[in-house]
Amino acid sequence: MTVRTRIAPSPTGDPHVGTAYVALINYCFAKKNGGKFVLRIEDTDRARSTRESEAAILDSLDWMGLSWDEGPDVGGPHGPYRQSERSEIYREHVKKLLDAGNAFKCFCTPQRLEEMRAAQRASKLPSRYDGLCTSLSAEAIAKNEAQGVPYVVRLKVPAEGVCVVHDMKRGAIEIEWSSVDMQVLMKSDGMPTYHLANVVDDHLMEITHVFRGEEWLSSAPKHLLLYKYFGWEPPQLLHLPLLRNPDKSKLSKRKNPTSILFYKALGYLPDALLNFLGLLCVMPPAGEEMMDLALMTDRFTIEHVSLGGPVFDVAKLDWLNGRYIRERNDLDGFLAKVQAWGLDPVRLRRIAALAQPRIERLSDLGPLLAFFFSGRLDVTAEELRSSKLDDAALRKALQLATWGFDALSSWETGEIEAVLKGVAAAVDVKLRDVTRPFYVAITGSATSVPLYDAIEILGRDIVRERLRHALKVLGGVTSSELKEWQK
RNA sequence: GGCCCCAUCGUCUAGUGGCCUAGGACGCCGCCCUCUCACGGCGGUAACACCGGUUCGACUCCGGUUGGGGCUACCA
């Protein structure tokens, strides 16, 4: 049997370094065993999935040198590779489950479910669907459907016994069926949930090994149950540890840059970033930690995938990136990389347009534009402070802007301006008064090129990082402030 | 709270019962090189979470404790 692995990102945000890490492991295992590596887009969340995100994820994985044998862009024998285009397949499979009595229609309203969970929480019981709709008569179901009452389809779960999940590294894991929820398999909009789609697709796409994040471990019983209901052989499972922040919590963009785009924007080389991720799952040759993809593939073994959640150590990434810059490039190669990174004609033209009206000598460009070619700016609290806002209001403004920017679906000056206007209103000062500290935080100076353009050109990731830094030098935000401002 | 996973220097890790007075790498410190800095070279700092077993012998096996993490959605 041919080994087939997959990476199945959800296009609901920026391409995450964790996705690249999981992809790398799946890639290495497939290639090492002469198999295929498949890319599938899990866009069953209609509200959050976007084509822009999908494109960014594909571009980023490609940028890092991870190529797939089958996927939405290159096609393949098991397509389509985008779940939103496979609705009919899921519908058929849900029908099979329903007909066999392995799933049931649930007409409970979100309100009832919420009340149910609140009651369960109050009495300290595990949160789990109470099974009300499992006892609905055929007539009641028909009546509801005739009236057009929206419903979901839920998985029937054994009342007792244990499910044994075989993890390739952790061995047998026992989970009580009584702790497994009657998961929604098909949402009221007719789209499947991850749980259903992932099982159906992995089977149909003949995936033999599933290496995925540890966050899926506790839902593995649901997946195994589906394989059983369908009469299919489940793939081998291996749950990978989650990448961590320095404080050991799950790597999150709230605390650290997580987007591959950020690392690209800062001038990390794709080979270095990939090598760095490889150090977390491949044992390098003695005395040498530089590895290209071919070497990592060759050396990959699941025995050397460690289970402890690794901290994403930027200092080590920096060291490795430095080595790639100086050891893997002659001067011409280095120059080409510099040009590709910072002297992209389109970007440069936009920047030049901002600078031209504001300079008297070309040599004014350096100080005026340095912030476009920098990572973190070493801005101090003194520089950020303004007479119009006290520290608390200043922090609130920065935090609200961070949230506002994160929520933007499109990154362009109009939207950016709207966020800042909202922030000004929220802290009750004129726009120009709230804007000043943002100039400092983002451009490093209170006098600079237009802010909205600068923000747009710098990109979401660097802006988030600079706002985070500003917040940090101002003493950070307390959790009570966070709660208060969220309103 | 409940369920589950994990546990070697600050960080990434080697180590699969004796080879371990625990090895490497990053970071940090010192020295050398040197017009500065960086690079490079050399040296140093620093860990088996704890408590019980099993064993002639535990970093390695088992149990408990502690700590960390994940899940607990009509998100993935």
Side-chain angles (χ1 to χ4, degrees), chain A residues 8-13 16 18-19 41-49 53 83 106-110 113-114 117 120-129 150-154 162-163 165 167 169-171 173-198 212-222 239-251 275-290 303-323 325-327:
Chain A
S10 173
T12 53
H16 198 281
T19 304
I41 293 295
E42 307 233 336
D43 55 350
T44 55
D45 185 340
R46 278 183 174 161
R48 296 198 305 146
S49 297
S53 172
Q83 291 184 330
C106 171
F107 297 89
C108 292
T109 61
L113 294 173
E114 192 149 322
R117 290 194 191 103
Q120 288 168 337
R121 235 175 296 130
S123 45
K124 294 188 175 177
L125 289 165
S127 170
R128 184 170 188 259
Y129 181 64
Y151 66 89
V152 300
V153 175
R154 286 180 185 274
V162 297
C163 175
V165 177
D167 181 281
K169 277 197 75 86
R170 295 162 212 259
I173 297 160
E174 297 192 352
I175 297 173
E176 296 272 348
W177 281 119
S178 62
S179 73
V180 177
D181 200 0
M182 296 178 224
Q183 254 297 325
V184 171
L185 299 177
M186 182 166 280
K187 307 178 231 178
S188 55
D189 67 359
M191 290 293 264
T193 58
Y194 168 86
H195 305 285
L196 195 250
N198 123 286
R212 74 220 302 192
E214 191 182 357
E215 70 227 89
W216 296 111
L217 186 51
S218 53
S219 45
K222 297 164 193 166
H239 293 90
L240 275 6
L242 268 14
L243 266 27
R244 309 288 184 88
N245 294 310
D247 68 2
K248 300 276 191 181
S249 58
K250 173 165 98 166
L251 190 67
N275 190 161
F276 172 73
L277 294 174
L279 253 17
L280 308 179
C281 54
V282 179
M283 188 163 70
E288 180 52 87
E289 297 197 323
M290 276 176 104
E303 284 73 33
H304 279 103
V305 172
S306 42
L307 261 21
V311 171
F312 193 92
D313 182 8
V314 182
K316 186 141 185 179
L317 207 210
D318 286 343
W319 164 78
L320 202 52
N321 201 58
R323 287 195 60 187
I325 285 174
R326 72 185 89 91
E327 294 178 28

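A, B, ... follow the sequence lines: proteins, then strands. Residue 1 opens every chain. Keep in mind that what you see is a predicted model, and the values were worked out from it rather than measured.
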J.: Tell me the interatomic distance from A/Arg323, atom CZ, to B/A38, atom C1', rounded to whole angstroms.
T.: 15 Å
J.: With the side chain of A/Lys316 defined as its heavy atoms from C-beta on, choose the nearest nucleotide among B/U13, B/C26, B/U11.
T.: B/C26
J.: What's the gap between B/A22 and B/G44 when it is taken at their P atoms, as a whole Å value?
T.: 13 Å
J.: Would you kindly check whether a donor in the side chain of A/Thr193 faces an acceptor in the base of B/C74, or vice versa, at under 3.5 angstrom?
T.: no
J.: B/G2 phosphate, OP1 or OP2: any side-chain N/O from A/Arg128 under 4.0 angstrom?
T.: no
J.: I need the NZ-C1' distance between A/Lys250 and B/C6, as an integer number of Å.
T.: 16 Å
J.: Please name the residue in the list A/Thr193, A/Leu113, A/Val153, A/Leu196 that meets the side-chain contact (heavy atoms from CB on, under 4.5 Å) test with A/Val184.
T.: A/Thr193
J.: May I have the distance from A/Leu113 (atom CG) to B/C74 (atom P), rounded to whole angstrom?
T.: 6 Å
J.: Applying a 3.5 Å limit to both distances, which nucleotide forms a Watson-Crick or G-U wobble pair with B/C26?
T.: B/G10
J.: Which of the following nucleotides, B/G69, B/C6, B/C4, is nearest to the side chain of A/Arg244?
T.: B/G69
J.: Pick the P atom in B/G27 and in B/U21, then give their distance to the nearest Å.
T.: 29 Å
J.: Is A/Met191 touching bases, backbone alone, or none of the nucleic acid, heavy atoms closer than 4.0 Å?
T.: nothing
J.: From the options A/Ile173, A/Ile175, A/Asp181, select the one residue that forms a side-chain contact (heavy atoms from CB on, under 4.5 Å) with A/Pro221.
T.: A/Ile175
J.: Roughly how many Å is it from CG in A/Asp318 to P in B/C12, rounded to a whole number?
T.: 16 Å
J.: Taking the minimum atom-to-atom distance to the side chain of A/Lys187, which one of B/G69, B/U13, B/C74 wins?
T.: B/C74
J.: Calculate the interatomic distance between A/His195 atom NE2 and B/A73 atom C1'; express it in whole Å.
T.: 9 Å
J.: Any carboxylate oxygen within less than 4.0 angstrom of a Lys/Arg side-chain nitrogen, looking at A/Lys316 and A/Glu289?
T.: yes
J.: Relative to the 5' end of RNA chain B, which residue comes earlier, A/Gly287 or A/Pro9, by the nucleotide with the nearest heavy atom?
T.: A/Gly287
J.: What is the distance, to the nearest angstrom, from the CD atom on A/Glu289 to the P atom on B/A14?
T.: 11 Å
J.: For the side chain of A/Ser218, counting heavy atoms from C-beta on, which of B/C12, B/G70, B/C26 is nearest?
T.: B/G70
J.: Only pairs with both distances under 3.5 Å count, Watson-Crick or wobble alike; so what is the partner of B/C31 in this structure?
T.: B/G41
J.: For B/C4, does either OP1 or OP2 sit under 4.0 Å from a side-chain N or O belonging to A/His239?
T.: no
J.: Please state how far atom CD in A/Glu214 lies from atom C1' in B/C6, giving the value in whole angstrom units.
T.: 7 Å
J.: In terms of side-chain heavy atoms of A/Glu215, which of B/C12, B/C6, B/C71 is nearest?
T.: B/C71
J.: Indicate yes or no: does A/Glu214 engage A/Lys169 in a salt bridge with an N to O separation below 4.0 Å.
T.: no
J.: Let me spell it out: for each of A/Pro192 and A/Ser127, pick the nucleotide of RNA chain B with the closest heavy atom. Which residue's pick is nearer the 5' end?
T.: A/Ser127
J.: Considering only side-chain heavy atoms of A/Ser306, which listed nucleotide, B/G68, B/U13, B/G70, is closest?
T.: B/U13
J.: As a test of reading the structure: which of B/C74, B/G27, B/A76 is closest to the side chain of A/Arg117, going by heavy atoms?
T.: B/C74
J.: The side chain of A/Trp319 lies closest to which of these nucleotides: B/C74, B/C26, B/C6?
T.: B/C26
J.: Any carboxylate oxygen within less than 4.0 angstrom of a Lys/Arg side-chain nitrogen, looking at A/Asp167 and A/Arg170?
T.: yes
J.: In whole Å, measure the gap between the C1' atoms of B/G57 and B/G53 for me.
T.: 15 Å
J.: With a 3.5 angstrom cut-off on both distances, give the Watson-Crick or G-U wobble partner of B/G57, or none if there isn't one.
T.: none
J.: Could you check how far CG of A/Leu279 sits from P of B/G27, rounded to whole Å?
T.: 13 Å
J.: Any side-chain N or O of A/Lys248 below 4.0 angstrom from OP1/OP2 of B/A7?
T.: no
J.: Considering only atom P, compute the distance from B/C35 to B/C29 and round it to an integer number of Å.
T.: 24 Å
J.: Looking only at the side chain of A/Tyr194 (C-beta and beyond, no hydrogens), which of the listed nucleotides B/C26, B/G69, B/A76 gets closest?
T.: B/A76
J.: From the list B/C3, B/C12, B/C74, which nucleotide is the closest neighbour of the side chain of A/Pro110?
T.: B/C74
J.: Determine the interatomic distance between C1' on B/C33 and the same-named atom on B/A14; round to the nearest Å.
T.: 32 Å
